[in-house]
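These numbers come from the heavy atoms of this one structure, side chains and all, not from hydrogens, waters or symmetry mates. Predicted, not measured: the structure shown is a model, and the values here were computed from it. Numbering of residues begins at 1 and proceeds along the displayed sequence.
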Amino acid sequence: MNGSLPLFTVVVPAFNSARTVGATVASALAQTVSEIEVIVVDDGSTDATPDVVRRIEDPRVRLVSQANRGLAAARNAGIAVAQGQYVALLDSDDLYLPNYLALSLEALESTPNIGFTYSDGYVFDAATGKVRK
């Protein structure tokens, strides 16, 4: 970010997400839009979720910890400390495709009075490693 504010803040609420949060954050950091910060809000996890996040060596990642208050409260805690021009939400067991934020930015900047963007999602079958239909 080179001392400037990020374009996007990606807020990742996490509760007992040690198994998935590393890949989730990696998908956010792999965006074609690099002017981002990723805020992981540990919502009172009792597993190694905060340890997994602390091991990520990227200055764009911040960990916020709080007592367990639920998904909405975790999202709101991340949004409260966000510094980006735009806020993007990413659950701790989901992944972004590499151009997700770029496509969102294109829609936000090309459409007057747009308030948000969204997209379809793919469901992966953990047993087969393939997209479920």
Are [X] and [Y] grouped together when hydrophobic residues (ILVMFWY) are joined by side-chain heavy atoms under 4.5 angstrom apart?
X: Leu101; Y: Val38; result: yes
X: Ile79; Y: Leu7; result: no
X: Tyr96; Y: Val25; result: yes
X: Val33; Y: Tyr118; result: no

Any [X] side-chain heavy atom under 4.5 Å of [Y] side chain:
X: Val81; Y: Arg62; answer: yes
X: Leu89; Y: Val87; answer: yes
X: Leu105; Y: Phe8; answer: yes
X: Ser119; Y: Tyr100; answer: yes

Closer than 3.5 angstrom, by distance alone: can the side chain of [X] be matched with the main-chain N or O of [Y] as a donor-acceptor pair?
X: Arg54; Y: Leu63; answer: no
X: Thr24; Y: Asp94; answer: yes
X: Arg60; Y: Pro6; answer: no
X: Thr49; Y: Ser17; answer: yes
X: Ser65; Y: Asp42; answer: no
X: Gln31; Y: Leu97; answer: yes
X: Glu37; Y: Gln83; answer: yes

Rounded to the nearest 0.5 Å, what's the gap from [atom1] on [X] to [atom2] on [Y]? Could you check?
X: Asp58; Y: Ile36; atom1: CG; atom2: CD1; value: 8.0 Å
X: Leu108; Y: Ile114; atom1: CG; atom2: CD1; value: 5.5 Å
X: Ser104; Y: Glu109; atom1: OG; atom2: CD; value: 11.0 Å

Shortest non-hydrogen separation from [X] to [Y] and the atoms involved:
X: Val10; Y: Ala28; result: CG1-CB, 4.2 Å
X: Leu90; Y: Ser27; result: CD2-OG, 4.1 Å
X: Asp91; Y: Pro13; result: OD1-CG, 4.1 Å
X: Ser92; Y: Thr20; result: O-OG1, 2.7 Å
X: Ala77; Y: Val41; result: CB-CG1, 4.1 Å
X: Thr32; Y: Ala102; result: OG1-CB, 3.4 Å

Less than 4.0 Å between a side-chain N and a carboxylate O, is that true for Arg75 and Asp43?
->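 No, this pair does not count.
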task: Evaluate the criterion side-chain contact (heavy atoms from CB on, under 4.5 Å) for residue pair Val40 and Ile56; output intermediate values, then yes/no.
output: CA-CA 11 Å; Val40 178; Ile56 299 170; over 6 Å; no
**Study point:** Heavy-atom neighbours of Glu106 CD exceed 12 at 6.0 Å
**Key:**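 Check fails, neighbour count at 12 or below.
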